[in-house]
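First up is the structure itself, then whatever we jot down about it.
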Amino acid sequence: MRLRRFQRCAFTLALVVFSFLVIGPPLLHPQGGEPQCFAIRGAKVAPVSGPPIESATVVVSRGIITAVGKDAAIPPEALVIDGNGLTVYPGLVDAFTDVGIPAAAAPSPGEGGGPRRSPEQARGPQDRPASTPWRSGADEANLTDKRIETWRDGGFTTVICAPKGGLFPGQAAVLDLAGERAGDMVVKSPVGIPLSFQTSGGFGSGFPDSLLGVLSYIHQVWLDTDWSIKAQAFYEKNPRGIARPRYDRTEAALAEALEDQALVLVPANNSVELRRAIELIGRWQVKGAIYGGQMGYEVASEIAAKKLPMLVDLKWPESEKDTDPEAKPTLRTLRFRDRAPSTPATLAKAGVKFAFYSGGIAAPKDILKAAKRAVDAGLSPDAALRAFTLSAAEIFGVADRLGSIENGKIANLVVTDGDLFEEKTKIKTVFVDGRRFEAHEPEKPKDPPKGDLTGKWKLSYTSPEGAEESTADLTMDKDGTISGSLASPRGTANIISGYLSGDKFTFTINIVLDQGPTDVTFSGTFDGTSLKGSISVLGMSLDFTGVKPGSAESAAATVGGAQGGLP
Amino acid sequence: MLNPSRALSQFPCVLCLFCSLCFSLAAATPPDTPSSVLIQNATVLTVSHGTIEHGSILIKDGKIAEVGQSVKAPAGAQVIDATGQFVIPGIIDCHSHIASEAINEGSVSVSSMVTMEEVLDPDDVSIYRDLAGGVTAANILHGSANSIGGQTLVIKLRWGQPASKLPFEGAPPGIKFALGENPKRSNFSIPGQPRHYPATRMGVEETIRAAFAEARDYKKIWDDYNKSVAAGEKALLPPRRDLKLEPLVEVLEGKRYVHAHCYREDEILMLLRLAKEFGFKVRTFQHVLEGYKIADELAAAGVGASTFSDWWAYKVEAYDAIPYNAALMTRRGVLVSVNSDDAEEATHLNQEAAKSMKYGGLSHDEALKMVTLNPAIQLGIDKRVGTIDVGKDADLAIYNHDPLSAYAVVQKTLIDGSIYFDREKDIANRAEIEKEKKALAEKLKSAEKKPEEKKPPEKKPEEKPKLPTPAPTPTTAQAGAAPGGAP
């Protein structure tokens, strides 16, 4: 631990030295001379709130849609875009994500000089473990999050954004993915109180360490919140002669969010969890919605009967990477992997209101691909589009201002050269709050990839702090495009872009270092079994090697790595 | 909670089970419930009133309607011919940890706020395996990591039904207590982590006493409030609800059964004294391996004992366990059941009960009661199950031999008159299930592996001359077949 602290100092020093090289994160300016008024003329328009209109005009003025239709008058100041061959959709909504909140830096080691103390362990519900319901997507939204641009390039203009981590991670807000200041992004807040049932660790990790404790804790928090509202009102009426109720930040934040009609978002993916979630929402007597929902094909009618909205995770289940090839999945697991994409169609049939969210998908183009699988499994393309737009807006109470192409709504639009769910379709232009963004095509590999990078990779390198390791979880498409995430001692981040072209690979993450969000690019050569190359960050270049854990190379690397003082 | 060393001692048994009974299971669909069923020409072991040779049982709407030698099937009844077979009341496992997604909330010494009912997992394959062992009901307990553990419940093993259909309707709720080594956790401390309290048996006693003292105060606050409301006082703020203390108040009020994990006589006597002090009753001592030493005290206190047949010496506090425990306690007037505490053990509880005939000389009926009527009484469900009597639930197990024989194999298991396990059908379905698994695995594999990946263009030309046309055709056809070919 001592050593780590020393290394940290050394690293900070190194960063100061290199900081003159740093160029601030690029600001997200709309292109051109910032016209305030646009008219897309002669395009196919899919308003979602009504049937598609062929060769129609959409007029956008100062952030608002001001006219839609075949004969919409084009104001003289409008910049006219020829929409011939193009289709205009409402901006897509990612209905549950943390895009908009930059990936946090890894927690810094204790400052006290001694060994790092384990965080205070909760001894029961009264210690409010893993609860930060006062955090808010609206407060933490920041335009420096690189994913904002990536998501926008993928056709997403709006996200339902909430902080991550803990049982009550914080409040969700509706954010538009553009603006001059962070505050410009906020459309409405709060709209949701997400819950998670994830326990921090096993035995000895403090309350709660099991699903049992998590559920009992959440029950107690709702009871306490309800009681504190009553107790506060009781006290305010006549404070004399009674002890004042104790202030509790968790209760206060939840009470306020509930008063704002925020939806309590309950995680549930398989049928056992889904039925449990239905029961919990009923018992808590809150306005609730379910997120996850992939085994909804088994319980759609029960969800419909309770009129619960559902946010469907588009990261469909698939076989785990790098597992024991002899391990045989159960029939239930196989059926789940096979049928999960049929859930949206089943929900639509049962009359459940649902929206889509990206879940663990790191590249926005994969979000639309995943939705296409739902379409292939029986969901009508119209219903899929609605799940990405108006339904999401309705679920979160913002259908009066966005989610469809209608006069007076926020000018969030996606312009494509074809059907949104066709793979060859390109997203041409995106409008967020009436600002125009030409979509960047992600850089494509020149040569076909030699081999497959899919899987978990252990990357070893020497930073100014000393020897370090990171784990890259990569998924490679057939064309060589790389997506995935990278977990490093400085935090975890999704890959923004990357590909394998021939035997040359490159991928980039954006991570918060001391100087703010920073691009880190890994590039080099793939020899079929291992990676070798350099990391480019803040003007520095560090050599690194990568191996798949479990392979012969990784065993050798571990021995070598041990000398570097790793735990 | 299962001790690892004990699990190890069971290893040969586990191995045999998986060799002989390779159930391949899908998410089951619950069986149909016929309005009437006749099990005919069986040896009926009623448990309550002897054995009926060539007997029949008529089931109507899930309840036993008639039992005897001359019972006729009404028109339209489903007839199960059980010639040469034996029918017993469904086995009841008084100590089980199956069918749950979590077992221990081990972070706190009093975890009475948690409840097993919320984490029931109806998809746990152990339910089906238990059914194949003739078990129809089980007491699902929290683990033994804490002096006062979580709330327990009795379930019926209705495989294929959602979690909400598992609880045994009307069964009194319970709570797990634990004494001895497990709750003091002195053997489980993690270096660098703060020491856990309690760390001694004395501490366990103090933990329970402190919790009940708190519960008693809490009860008083609510009683006072309710009195004031009843007296017509208005404008009162109700007290804050505490989910940890509510179940303990129910224990004080006699509305919730205490099932206490224990081994040694000293700790058992401690809890009996403590219960007396606070005026509540312990319903069962679980494991209670030294129960034979204090059988008279247990009998006098009117508590049940639920023990293992012959597991011992897997840890120091189990050194004094003997296989005569069940029989000795029974002879002294204690109500005794034999439980599993383990998903595998539960599949042959009939044999576990039979051991008390060899060790201690219990009668056939006394032995059978250990896994039927006695646990039913201990769990407060004996009005509904535990014997084959008119009016009771048709929860039955049909064996090919005398169920207390080592050769006995369950043929069918019924709950509420519906067949939840049928050995013949299970065997017949195995091939079908394997086929579906294989087909799905193939389909998913071809969907995940993109066609282009299979033929890296760089390698092919080196090895063989390129044949452009035949190669893509099968792969394309395969990929095309995948989405359309849903079963």
Side-chain angles (χ1 to χ4, degrees), chain A residues 115 118 121-125 202-217 219-220 223-224 227-228 230-231 234-235 237 242 270-272 275-276 279-280 298-299 302 318-319 328-332 334-335 337-339 342 373 376-377 448-452 477-479 502, chain B residues 24-27 100-108 110-111 113-116 118-123 125 142 145 150 162-164 185 188-190 192-194 196 235-244 433 436-437 440-441 443-445 447-448 450-453 456-458 483 486-487:
Chain A
S118 61
Q121 289 193 345
R123 294 150 301 173
F203 262 32
S205 57
F207 179 85
D209 69 8
S210 70
L211 179 62
L212 283 159
V214 166
L215 295 175
S216 76
Y217 172 62
H219 297 323
Q220 187 69 59
L223 284 176
D224 289 351
W227 187 80
S228 78
K230 282 184 193 144
F234 189 81
Y235 181 74
K237 228 190 264 169
I242 15 175
N270 65 37
S271 54
V272 175
R275 290 193 171 106
R276 183 188 295 137
E279 197 272 326
L280 290 173
E298 280 191 359
V299 278
E302 293 161 57
E318 47 186 40
S319 58
K328 293 264 189 301
T330 63
L331 180 53
R332 188 152 176 73
L334 291 171
R335 281 182 178 167
R337 283 181 202 154
D338 183 44
R339 293 178 194 176
S342 74
R373 279 186 67 192
D376 291 342
K450 276 188 184 169
D452 190 354
D477 268 8
K478 59 196 178 211
D479 68 353
Chain B
S24 307
L25 294 160
S100 36
E101 281 186 60
I103 294 175
N104 265 301
E105 173 56 43
S107 61
V108 284
V110 178
S111 65
M113 68 290 253
V114 313
T115 171
M116 299 308 292
E118 290 185 346
V119 298
L120 282 183
D121 177 10
D123 293 341
V125 70
H142 184 269
S164 61
R185 307 210 68 66
F188 303 92
S189 64
I190 300 160
Q193 297 268 11
H196 177 92
L236 284 174
L237 178 67
R240 183 183 154 277
R241 284 184 62 191
D242 190 321
L243 296 178
K244 182 179 89 173
I433 287 168
E436 189 189 344
K437 264 174 105 164
L440 273 177
K443 178 182 164 188
L444 291 166
K445 211 169 156 186
E448 277 182 30
K450 296 105 201 169
E452 282 86 342
E453 254 175 53
E458 295 80 14

Does a side-chain heavy-atom distance below 4.5 Å link B/E105 with A/V214? no
Taking side chain as everything from C-beta outward and backbone as N, CA, C, O, which of these in A/R337 sits under 4.5 Å from a heavy atom of chain B? Side chain, backbone, both or neither. both
So A/D338 and B/L444, do their side chains get closer than 4.5 Å, heavy atoms only? yes
Any heavy-atom pair between the side chains of A/R335 and B/E436 that's under 4.5 Å? yes
How far apart are the closest heavy atoms of A/W227 and B/L237, and which atoms are they? CZ2-CD2, 3.8 Å
Is the shortest heavy-atom distance from the side chain of A/E279 to the side chain of B/S164 under 4.5 Å? no
Identify which part of B/E118 has an atom lying under 4.5 Å from any heavy atom of chain A, answering side chain, backbone, both or neither. both
Is the closest side-chain heavy-atom distance between A/Q220 and B/R240 below 4.5 Å? yes
Considering non-hydrogen atoms only, spot the tightest contact between B/R241 and A/D224 and give its length. O-OD1, 4.2 Å
Contact origin within B/T115 toward chain A - heavy atom pairs under 4.5 Å: backbone
With sequence neighbours excluded, tell me which residues meet side-chain hydrogen bond (donor to acceptor under 3.5 Å, both in side chains) with A/R275. A/E302
Taking side chain as C-beta onward, heavy atoms only, is A/S210 less than 4.5 Å from B/N104? no
Closest non-hydrogen atoms of A/V272 and B/P122, given as atom of the first, atom of the second and distance, are CG2-CD, 3.6 Å
With sequence neighbours left out, the residues meeting side-chain contact (heavy atoms from CB on, under 4.5 Å) with B/S100 are B/I103, B/M116, B/V119, B/I140
B/S107 and A/F207: which non-hydrogen atoms are nearest, and at how many Å? OG-CA, 3.2 Å
